[in-house]
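Here's the structure we're looking at; comments come further down.
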Amino acid sequence: MPELPEVETIRRTLEPCLIGQVVERVEVLRPKHLGNVSPADLARRLTGRRIEGVGRRGKYLLIHLEGGEVLVFHLRMTGRLIFYPEGASVTPYTRLVLGLTSPAELHLHDVRSFAVLWLTTEDKVAALPGLAALGPEPLEPSFTPQGLKAALAGRRSSIKSLLLNQQTVAGLGNIYADEALFRAGINPLRPGNSLTPEEVNGLWRAIREVLAEAISSGGTSFRDYVDGRGRPGAFQTRLSVYGRKGEPCRRCGTSLVGARLGGRSTVYCPRCQPLS
DNA sequence: ACAATTACCTGTATGC
DNA sequence: TGCATACAGGTAATTG
């Protein structure tokens with residue numbers, strides 16, 4: 001599941017490959033992935049354009065092209081964006097092919113077909129649905145302990161659910177929400193408004209630390225994720241709680257507990273993250 | 001305004 | 001061996 005560290009790793013691996021490439025061909029194999037544009041308009045607006053840069057906002061990947069066009073991707077859970085310098089044959093799950101300066105190609109691959117892409121322009125990117133209501137970037141100065149306190153004030157939902165809400169902070173998903181809460185020693189079931197100022201400070205720091213470390217490791221390859229060159233990340237060996245239900249806590253040895261919060265699997269240590 | 005639930009998808013793992 | 005079922009989860013839409 002590409003969360004912020006995975007999308008950032010894809011961005012970093014794709015950018016040097018894509019800058020300077022010219023889109024020569026657009027092949028839409030499954031139109032339902034197009035969020036706001038028809039296959040014909042996508043091809044018409046992209047063909048002949050040079051790629052100028054690759055950016056990221058939360059879990060959204062942004063490909064900037066000359067003329068102010070911006071191609072925005074959200075990979076949801078199983079989406080992959082892979083650059084093939086010599087091209088590649090399509091698979092049953094290839095959804096989009098951008099033919100670049102021959103013979104290079106960029107493929108969108110997605111088993112479950114949840115991924116969505118939009119074509120917009122520089123002046124309208126921030127207004128895209130999804131991007132418009134996004135909270136602060138956790139690794140930038142706009143994310144502050146005070147801002148996090150304000151976002152949690154008066155919220156009775158579980159802190160885990162609030163961290164998954166992209167309006168609280170952009171880019172956390174199920175993996176890093178659980179990991180940040182473990183590092184901060186906060187039980188995921190605690191209501192958001194029950195955290196003390198000191199706990200919010202610790203959570204703010206834990207979010208930034210775990211995301212930065214995961215980026216350094218090239219992301220977490222638990223199931224489907226690979227980077228922009230098709231290579232897996234390495235952070236899965238350093239996960240404290242995610243996917244470790246029933247296994248011993250790396251800090252105290254207590255058996256990790258699983259729960260379901262807002263329909264999502266949640267794992268925590270009942271001793272390091274007590275409820276009261 | 002906020003909170004909780006469901007739809008969208010399909011490969012993989014599990015149980016009988 | 002074959003079949004049915006649960007599960008993975010980000011976001012938007014729906015319901016309370």
Side-chain angles (χ1 to χ4, degrees), chain A residues 1-10 29-36 56-62 72-81 91-96 108-118 120 126-135 137-138 150-181 188-195 207 211 214 219-226 232-233 235-236 239 241-247 256 258-268:
Chain A
M1 302 126 275
E3 304 179 25
L4 188 151
E6 288 75 35
V7 180
E8 176 61 22
T9 302
I10 292 169
L29 297 143
R30 189 144 178 183
K32 71 148 288 190
H33 291 272
L34 307 186
N36 69 342
R56 179 191 60 74
R57 174 79 171 97
K59 302 172 193 170
Y60 293 81
L61 190 89
L62 294 79
V72 179
F73 288 87
H74 195 303
L75 299 174
R76 297 290 205 265
M77 278 156 308
T78 52
R80 300 172 164 189
L81 264 180
T91 74
Y93 305 113
T94 308
R95 310 306 190 187
L96 171 80
L108 172 67
H109 179 279
D110 190 2
V111 169
R112 291 171 67 183
S113 283
F114 280 169
V116 186
L117 63 103
W118 301 265
T120 183
L128 266 190
L131 282 169
L134 230 43
E137 277 297 314
L152 302 182
R155 305 300 295 269
R156 287 170 303 184
S157 297
S158 68
I159 184 61
K160 166 73 181 283
S161 297
L162 291 166
L163 289 182
L164 291 177
N165 184 338
Q166 301 300 295
Q167 296 182 41
T168 307
V169 55
L172 290 180
N174 208 31
I175 296 174
Y176 299 108
D178 275 8
E179 293 297 312
L181 287 166
L189 296 136
R190 296 260 308 275
N193 63 2
S194 74
L195 271 61
I207 289 169
L211 293 178
T220 299
S221 289
F222 199 81
R223 283 195 182 78
D224 301 282
Y225 162 73
V226 292
F235 197 70
Q236 58 277 10
L239 294 173
V241 287
Y242 179 86
R244 300 193 63 239
K245 174 182 168 184
E247 294 178 38
L256 297 177
R260 263 197 112 66
L261 269 175
R264 276 175 208 99
S265 67
T266 299
V267 185
Y268 63 94

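First the proteins, then the strands, lettered A, B, ... as listed; each starts at 1.
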Self-check item: Nearest listed nucleotide, side chain of A:R155, among B:dC9, B:dA3, C:dA8
Solution: B:dA3
Exercise. Between A:L162 and A:G263, just flag the one whose closest nucleotide in DNA chain B comes earlier from the 5' side.
Key: A:L162
Quiz item: With respect to the side chain of A:H74, which nucleotide from B:dA4, C:dT11, C:dA8 is positioned closest?
Solution: C:dT11
Quiz item: For A:L108 and B:dC9, what is the distance between atoms CG and C1' respectively, to the nearest whole Å?
Solution: 14 Å
Self-check item: Rounded distance in Å - CE (A:M1) to P (B:dG11)
Solution: 17 Å
Self-check item: Pairwise side-chain contact, A:Y176 with A:F235, heavy-atom cut-off 4.5 Å (strictly under)
Solution: yes
Quiz item: Where the side chain of A:K32 is concerned, which of B:dA4, B:dC9, C:dG10 is the nearest nucleotide?
Solution: B:dC9
Practice problem: Indicate the ring-plane relationship of A:W118 and A:Y60, choosing parallel, tilted or perpendicular according to the 30° and 60° boundaries. | Solution: tilted
Exercise. Take A:R30 and A:S161, find for each the nucleotide of DNA chain B with the closest heavy atom, and name the residue whose nucleotide sits nearer the 5' end.
Key: A:S161
Quiz item: With sugar-phosphate meaning primed atoms plus P, OP1 and OP2, does A:M77 contact a base, only sugar-phosphate, or nothing at under 4.0 Å between heavy atoms?
Solution: base
Quiz item: Quick one: A:R80 CZ to B:dC9 P, roughly how many Å, whole number?
Solution: 20 Å
Quiz item: Hey, is the side chain of A:R112 pairing donor to acceptor with the base of C:dA8 inside 3.5 Å?
Solution: yes
Quiz prompt | Ion pair check, A:R57 and A:E137, cut-off under 4.0 Å | solution = yes
Practice problem: Under 4.0 Å between any heavy atoms, over every strand shown, what does A:G130 touch: base, sugar-phosphate, or nothing? Just pick one. | Solution: sugar-phosphate
Practice problem: May I ask you to say what A:S113 touches in the nucleic acid, namely base, sugar-phosphate or nothing, with a heavy-atom cut-off under 4.0 Å? | Solution: nothing
Exercise. Nearest-nucleotide wise, let me know which of A:Y60 and A:R260 is further upstream toward the 5' end of DNA chain C.
Key: A:R260
Quiz item: Looking at the side chain of A:Y93, which of B:dT10, B:dA3, C:dT11 is the nearest nucleotide?
Solution: B:dT10
Quiz item: So which nucleotide from C:dA8, C:dT11, B:dG11 ends up closest to the side chain of A:S265?
Solution: C:dA8
